[in-house]
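Since the structure is predicted, the reported quantities are computational estimates derived from the model, not experimental observations. Throughout, a chain's letter reflects where its sequence line sits, starting with A, and its residues are numbered from 1.
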Amino acid sequence: MSEHVQNNTLVISAKGVNKIFGSGEDNQVVALQNINLDIHNGEFISLIGPSGCGKSTLLRLIADLLKPTTGELKINGKNPQQARLDRDYGMVFQAATLYDWRTVGKNVELPLEIMRYSASERKVRAQKMLEMVELGKFSNHYPWQLSGGMQQRVAIARALAFEPALLLMDEPFGALDEFTRERMNMELLRIWQTTKTTVIFVTHSIPEAIFLSTRVVVMSPRPGRITAVVDTDLPYPRVFETRESPRFFEKVNQVRELLRDAHEE
Amino acid sequence: MAEITKTPSLTWGENIKGQVSYYFPTIMIAVAFLALWEVAVRVLNIQQFLLPKPSDIAARFLEETQILLSGGSSLLYQAAGATLWSAFGGFVLGCGSGILLALITARWTIISEAAMPFAIAANSVPIIAFAPIMNNWFGLTNPASKMAIVAIIVFFPTMINTVRGLTLIDPRQLELMESYAASPFKTLFALRIPNALPYIFSALRVASSLSVIGAIVSEFFGGPRATLGVFITQAASGFDFDRAWSAILMAALIGIGFYLTVTIIERRVMPWHTSFRQTE
Ligand SMILES: Nc1ncnc2c1ncn2[C@@H]1O[C@H](COP(=O)(O)OP(=O)(O)OP(=O)(O)O)[C@@H](O)[C@H]1O
Ligand SMILES: [Mg+2]
């Protein structure tokens, strides 16, 4: 395990988790089958796998937006519902989901409002987070005045605003151009290292997964399951040159092979 | 970084100029229509009791306006005031209670789901048929009898639309609130009500027209002399058709004014809404 794991406190513990949607022979979808996964404090975990393999579903289970059909899932030693009520996690959804009637700044303030931060504290934090995602000047704009990628960055700022110890991110950089994406990757790594959060990150990009993560969880569909967990074994801090090291390519190829196997089954 | 199109902040002059050029085709159609009407009546020699000339109607209308402005008592304007009061009172009562009841019942989805079929059924009942009953209940000359009709007419569409707006919500937006463990109260104010505003305002726009119609038609069933409905029936039965038509013009102006007021408030309350976005 990576040296960045601060201690062995379990943040996520999944034992034999199954999630089945629908009922009846024909309508049933086994979205997740027998998921066993332990995630420790301070880890950066990427979930990677073909469309429909249950990545979003797994995040939703952790976030207590769905209940497992069977199996045991613990967040910080608590059941997921308790963890949600304790606001243990911040989530970036696959769609930006901003509220049209709020300005960008007010959207970022939303969780802070719910958690009863003072108005001045909210303003300061929202501005800081927006600057972090390079949208400092857009606080007074409405979401529809922003491009898709910009909206997604607002959603990231909103999730970071209350500094959750666990970040669940569902393809947060999917809508970004290559350069913005690389800058966001560096920014996310910086946040992760300075705030010691645990991150669970869904992506379709193998290099991105290797570059960011301590471990990469490879999944395959029908039924959705974990087929491999790859330790990236690359030193931190990761810099631009990391992407050019032989070790990096080796890992990218390893994950690519695993994904190909998953597809050909 | 992507550049953003700033919302253009127009000066008053530019704004008015823009508005005029925007409405120019509409204004031209109206002018052409009135001209055609005027010419048709003159050329075809249409009798006054069938269709008066627009110029005669306007003259009659201005006459009454002059009486009012010179401090006299104009029956037309008294009638307009009384009808406006009935329409407005009924509008506030009906829409207010419609929204309030929707807010209360939407809190318990079961109740609102059970109530919806009744509301929809009641909405298709021609409420105006109850006007004589209301005249009996509240008294013929009591404005409450007209207000009651208006209130009932606007209540159902407002309530139905509000319930829809409070409950038809993108599940992802609800999920966001759930992920923050937001209280139902906070979800109501931060999500459900803003989501319902476009629905509510589209109901209020319909209600603004309905309330003027409701007030005048219920006055046709009887009421004080100084109401537009009675004014029109009396003028028509006295064969004073210029007079009747001047009251119809007044009713039209009240209806349009009411509608525009609601639209202006709507723009102020929800400047974010799609229909107001500058697209140039
Ligand atoms: N609410 C739901 N009801 C029924 N089936 C669902 C539901 N949510 C997901 N599924 C099914 O579960 C499976 C996994 O879906 P999920 O959204 O988790 O995939 P994913 O790995 O996130 O895919 P993508 O990469 O395209 O986002 C899919 O087959 C999907 O059809
Ligand atoms: Mg997904």
Salt bridge (Lys or Arg N to Asp or Glu O under 4.0 Å): pairs with one or both residues in residues 74-86 of chain A, sequence neighbours excluded: A:Asp64-A:Arg84, A:Lys78-A:Asp86, A:Lys78-A:Asp88

Option in A:Phe162, A:Tyr89, A:Phe93, A:Phe179 with maximal non-hydrogen atom pairs under 4.5 Å from chain B: A:Phe93

Over 12 non-hydrogen atoms of neighbours within 6.0 angstrom of NZ in A:Lys67: yes

Heavy atoms from other residues, nucleotides or ligands near CZ of B:Phe88 exceed 12 (cutoff 6.0 Å): no

OH (A:Tyr117) with more than 12 external heavy atoms under 6.0 Å: yes

Proximal to chain A - members of residues 194-218 of chain B, heavy-atom separation under 4.5 Å: B:Pro194, B:Asn195

Residue pair A:Leu65 / B:Ser179: nearest heavy atoms and the distance that separates them: CD2-N, 4.1 Å

A:Pro143 vs B:Trp272 side-chain heavy atoms within contact, under 4.5 Å: no

Beyond-backbone contact of A:Trp101 with B:Ile193, side-chain heavy atoms, under 4.5 angstrom: no

Contact check, side chains of B:Leu176 and A:Tyr99, non-hydrogen atoms, under 4.5 Å: yes

Salt bridge (Lys or Arg N to Asp or Glu O under 4.0 Å): pairs with one or both residues in residues 180-195 of chain B, sequence neighbours excluded: A:Glu113-B:Lys186

Student check: side-chain heavy atoms of B:Arg172 and A:Gln94 closer than 4.5 Å: no

4.5 Å side-chain heavy-atom contact, B:Met177 and A:Leu110: yes

Part of A:Leu168 within contact of chain B (heavy atom distance under 4.5 Å): neither

Results of salt bridge (Lys or Arg N to Asp or Glu O under 4.0 Å) for A:Arg122 - residues two or more places apart only: A:Glu109

Winner by heavy-atom pair count (cut-off under 4.5 Å) against chain B, out of A:Gln81, A:Met91, A:Arg102, A:Arg158: A:Arg158

Atom pair OH/CZ of B:Tyr180 and A:Arg87 - distance to nearest 0.5 Å: 10.5 Å

